[in-house]
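Remarks on the structure that follows.
Computed from a predicted structure; not experimentally measured. Below, read A as the first sequence line, B as the second, and so on, with proteins coming before strands; counting in each chain starts at 1.
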Amino acid sequence: MVIPHRIAEEFRQNLLNWGRNNLINYPWRKNRTPYRVLVAEILLHRTRAEQVVPLYNSLLSKCPNIFSLAAMDIEELRRLLRSAGLRWRVDLMHRMARMIVDEYGGRIPERKEDLMELPGVSEYIASAVMCFAYGHPEPLLDTNTVRIAGRVFDIEIKDSSRRSKKMRELMRSLLDIEKPDIFNYAMIDFGKKVCRKRDPDCIICPLQICSYRRRFAGTLVKK
DNA sequence: ATCCAGAGGA
DNA sequence: TCCTCGGGAT
């Protein structure tokens, strides 16, 4: 699935323009050190962002850097993050912190291959750190961004599409090379606020080339 | 009941 | 290329 350059550019500019006034101001978007981005992305793993905010703040006050996280008592860490569920994720995060201290002297790797060697870190979290912390133009495939691409370009989306290489190349062709972080934030927030999974707000959608919109509008008229 | 800024294991 | 993990919000 190749998107014509002009269509991709139009999509890119429309999305960036929407993001200009609609990006959400999460705490992990303010001071984007590699450690803070990494911790946030792990907490955001299959967990709603609004639910992560208080946990992220309390975790960072307890563990302001990778060394304090690696030295943190595992039981205390489990208690701190209990309400987020996915308890095994806490153990992976702790193992990850110790590995970064032991093998990288406490510096978060800047190579994607190195990041993906860390426990609990795979394609998405590695790409997020590369983009948001280090400024590299990596596309992000998550539940929001894949859904948007599927609707806008009329591609059938399965749960496995997040790991699809073709979908990744499509997302890369849409990505804004100059502002990859803003583009990815805009994609995530647009998927959350407008192009929602349930009840998408097609009325205010600034993107004009979506086939899903036409189908949805049709059902609205019938009603 | 369904879904959530996915990753690990089979 | 399947499936499971998890508490919490809607």
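In this structure, CZ of A:R147 is placed 10 Å from P of B:dG6, rounded to the nearest angstrom. A:L23 places its CG atom 15 Å from the P atom of B:dA5, with the value rounded to the nearest Å. Summarising the geometry, the separation between CD1 on A:I24 and P on B:dA5 is reported as 10 Å, rounded to the nearest angstrom. Taking atom OH of residue A:Y56 and atom P of nucleotide B:dA5, one finds them 17 Å apart after rounding to whole Å. Here B:dA5 presents its C1' atom at 15 Å from NZ of A:K193, a figure rounded to the nearest Å. Atom pair A:Y26:OH and B:dA5:P shows a separation of 7 Å (rounding to whole Å applied). Taking atom CG of residue A:L115 and atom P of nucleotide B:dA5, one finds them 22 Å apart after rounding to whole Å. One interatomic measurement links the two molecules: CD of A:E41 to P of B:dA7, which rounds to 9 Å at whole-angstrom precision.
Of the P atoms belonging to B:dG8 and C:dG8, the separation is 24 Å, rounded to the nearest Å. As rounded to the nearest Å, C:dG6 and B:dA10 have P atoms that lie 15 Å from one another. Using P as the reference atom, B:dA5 and C:dC3 are 22 Å apart when rounded to the nearest Å.
With sequence neighbours left out, A:P54 forms a side chain to side chain contact (heavy atoms under 4.5 Å, CB included) with no residue at all. Listed by chain and residue number, A:K112, A:R168 satisfy the side chain to side chain donor-acceptor pair (under 3.5 Å) test with A:E138 (two or more places apart in sequence, or in another chain).
Under 4.0 angstrom from either OP1 or OP2 of B:dC4 there lies no side-chain N or O belonging to A:R162. A sub-4.0 Å separation between OP1 or OP2 of B:dA5 and a side-chain N or O of A:T143 is absent.
For the ring-ring contact (aromatic ring centres under 6.0 Å, His included) condition, the pairs that include at least one residue of residues 138-177 of chain A, sequence neighbours left out, are A:F11-A:F153.
Residue-level contact check: A:R196 touches neither bases nor backbone, having no heavy atom under 4.0 Å from any strand.
Comparing A:L44 and A:M116 by the nucleotide of DNA chain B whose heavy atom lies nearest to each, the residue mapping closer to the 5' end is A:L44. The 5' end of DNA chain B is approached more closely, in terms of each residue's nearest nucleotide, by A:N144 than by the other of A:L118 and A:N144.
Here the rule is side-chain hydrogen bond (donor to acceptor under 3.5 Å, both in side chains) with A:E9, and of A:Q13, A:H5, A:R6 only A:Q13 fits it.
For residues 119-134 of chain A, proximity to DNA chain B is found at A:P119, A:G120, A:V121, A:S122, A:E123, A:Y124, A:I125, defined as any non-hydrogen atom under 4.0 angstrom from a strand atom. Proximity of residues 175-192 of chain A to DNA chain B (heavy atom under 4.0 angstrom from any strand atom) is restricted to A:I188, A:K192.
Taking the charged nitrogens against the carboxylate oxygens, A:E113 and A:R111 do have a contact shorter than 4.0 Å, which makes a salt bridge. With salt bridges taken as basic N to acidic carboxylate O contacts below 4.0 Å, none links A:D154 and A:R151. With respect to the salt-bridge test (charged N to carboxylate O, under 4.0 angstrom), the residues A:R78 and A:E75 qualify. A salt bridge links A:R29 with A:D189: at least one charged nitrogen is closer than 4.0 Å to a carboxylate oxygen.
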- Once base and sugar-phosphate atoms are separated, protein heavy atoms under 4.0 Å mark nucleotides 1-9 of chain C, 5' to 3', with B, S and - as ----BBBB-
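In terms of polar N and O atoms assigned as donor or acceptor, the side chain of A:R29 comes within less than 3.5 Å of the base of B:dA5 in a complementary pairing.
In this structure, A:H136 and A:Y134 have tilted ring planes: the angle between them lies in the 30° to 60° band.
Shown here is A:R196, whose CZ atom has more than 12 heavy atoms of other residues, nucleotides or ligands within 6.0 Å.
Cluster membership check: A:M116 does not share its hydrophobic cluster with A:Y124, using side-chain heavy-atom separations under 4.5 Å among Ile, Leu, Val, Met, Phe, Trp and Tyr.
The side-chain heavy atoms of A:L77 and A:L69, taken from C-beta on, include a pair separated by under 4.5 Å.
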